[in-house]
Undergrad: 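Dropping the structure in here first, questions after.
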Amino acid sequence: SGSPGPYGRRCLDRPGEEGRIAKILANDLERALSRDDQLYLVYQPQINAIHDQVHGVEALLRWNHPVFGFIPPPLVIALAEDTAQIARLGHFILVEACTQRAAWKEQVGNDLVMSVNVTPRQILDPHFDRRVEAILTEAGLASKLLEVEITEATLLEPDAATLASLGQLRRIGVRVAIDDFGMGHTSLRYLREFPVDTVKIDRSLTQGGRRGVNDHIVRTIVALSQTMGFMTVVEGVEEAGQLARFLSLGCATFQGYLFSRPVSGEDCLRFIRNNARP
Ligand code: C2E
Ligand code: CA
Ligand code: CA
Ligand code: CA
């Protein structure tokens with residue numbers, strides 16, 4: 001069950017060596033989930049370049065496998081979705097991120113948002129909203145400080161359960177972001193039909209060629225976002241030239257190596273404090 005992951009067909013169904021390695025990894029993931037040293041989160045700041053402030057941070061999963069080293073996060077997530085381990089892995093990620101944000105309470109601005117990626121299958125869990133609420137309560141974190149990032153693909157054929165789940169999250173005050181936005185042809189339709197808080201402009205628009213066309217798409221996204229009251233975050237900003245270009249297109253908030261790579265919680269806190277305005 002489940003839709004194919006980013007690696008095409010379900011990892012575990014792949015023939016030969018690839019399928020064999022996928023099965024080994026799925027097994028090892030089970031073990032990694034019961035320990036706490038191989039799986040952890042890193043954090044990447046999102047910067048409002050106009051006010052020179054850190055708007056929020058995105059939590060990103062890392063799995064340092066004892067034999068294979070770092071496993072690409074999309075592969076880890078795809079494996080977990082294929083094996084139903086996503087429930088445990090997703091829970092772990094949300095707990096870690098919320099606990100980290102709560103621990104920063106005294107040290108960062110009281111509106112700094114923690115963004116966490118969630119998968120279609122996680123959202124389809126009919127109790128997802130209640131699970132998130134329980135995690136927030138346990139961590140002692142206000143719901144408005146958590147944002148869940150869903151990819152545009154999650155909303156391609158949104159079923160009633162997905163929409164209900166996301167609607168319920170927003171009602172309790174959790175923010176919703178559309179990730180990797182601008183890739184699908186029918187993107188703009190979703191922006192009108194599905195109310196979100198944040199639109200994350202995909203790296204391919206930041207870094208891609210065909211600048212004239214891309215600039216036009218970005219201008220349209222920004223204009224629509226302003227009308228609808230969504231904030232925009234530009235992903236994958238690596239060069240000062242890209243920053244200047246997107247500032248001139250009306251964007252304010254940026255995420256990318258130009259500012260910081262994803263780093264440990266400790267290093268991220270240092271970054272936030274160094275960048276906060278006195
Ligand atoms: P994403 O959600 O689009 O996350 C942003 C990815 O872009 C991250 O890769 C980040 O390290 C990378 N990145 C950030 N700034 C730059 C830049 O300036 N240049 C370039 N080239 N890349 C940049 P990462 O950490 O390898 O994650 C890849 C994808 O794996 C994520 O894409 C997301 O789809 C998935 N993922 C990662 N962590 C999680 C998680 O905790 N849960 C879920 N469900 N998915 C996750
Ligand atoms: Ca994301
Ligand atoms: Ca993204
Ligand atoms: Ca992505």
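Whatever order the structure lists ligands and atoms in, that order sets their numbers, starting from 1. This chain uses plain numbering: 1 for the first residue, then up along the sequence.
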Undergrad: Could you pull out the N/O/S protein atoms under 3.0 Å of the Ca ion (ligand 2), ignoring any water?
TA: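 Near the Ca ion (ligand 2), below 3.0 Å, one finds Glu58 OE2, Asn117 OD1, Glu149 OE1, Asp179 OD2.
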Undergrad: For His65, I'd like to know if atom NE2 has over 12 heavy atoms of other residues, nucleotides or ligands within 6.0 Å.
TA: yes
Undergrad: What is the ring orientation for Phe259 with Phe254, classed by angle as parallel under 30°, tilted 30 to 60°, or perpendicular over 60°?
TA: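 Phe259 and Phe254: parallel rings.
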Undergrad: With a 6.0 Å cut-off (strictly less than), is the heavy-atom count around CD of Glu238, excluding the residue itself, greater than 12?
TA: yes
Undergrad: Is any N or O atom of Glu58, backbone or side chain, closer than 3.5 Å to an N or O atom of ligand 1?
TA: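 Yes - when backbone and side-chain N and O of Glu58 are compared with those of ligand 1, one distance drops under 3.5 Å.
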Undergrad: Are the charged groups of Asp180 and Arg203 less than 4.0 angstrom apart, N to O?
TA: no
Undergrad: Is Arg261 close enough to touch ligand 1? Criterion: a residue heavy atom under 4.0 Å from a ligand atom.
TA: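 False for this residue.
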Undergrad: Give a yes/no on ligand 1: does Glu238 have at least one heavy atom closer than 4.0 angstrom to it?
TA: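 Heavy atoms of Glu238 do come under 4.0 Å of ligand 1.
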Undergrad: Thinking salt bridges, do Asp125 and Arg131 make one under a 4.0 Å N-O criterion?
TA: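 Arg131 and Asp125: salt-bridged.
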Undergrad: Are Arg130 and Glu133 close enough for a salt bridge, meaning some N to O gap below 4.0 Å?
TA: no
Undergrad: Gln122 versus ligand 1: do any nitrogen or oxygen atoms come within less than 3.5 Å of each other?
TA: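 No, there is no polar N/O contact under 3.5 Å.
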Undergrad: Between ligand 1 and Lys200, can you find any atom pair, the residue atom being a heavy atom, that is separated by under 4.0 Å?
TA: no
Undergrad: Only heavy atoms of Gly256, strictly under 4.0 Å: list the atoms of ligand 1 that pass.
TA: 15 (N), 18 (O)
Undergrad: Does ligand 1 have any atom that is closer than 4.0 Å to a heavy atom of Glu235?
TA: yes
Undergrad: Can you name the salt bridge (charged side-chain N to carboxylate O under 4.0 Å, His left out) partners of Arg170, sequence neighbours left out?
TA: Asp197
Undergrad: Take Asp215 and Arg245 through the salt bridge (Lys or Arg N to Asp or Glu O under 4.0 Å) test and state the conclusion after the steps.
TA: CA-CA 9 Å; Asp215 281 4; Arg245 174 183 152 212; 2.8 Å; yes
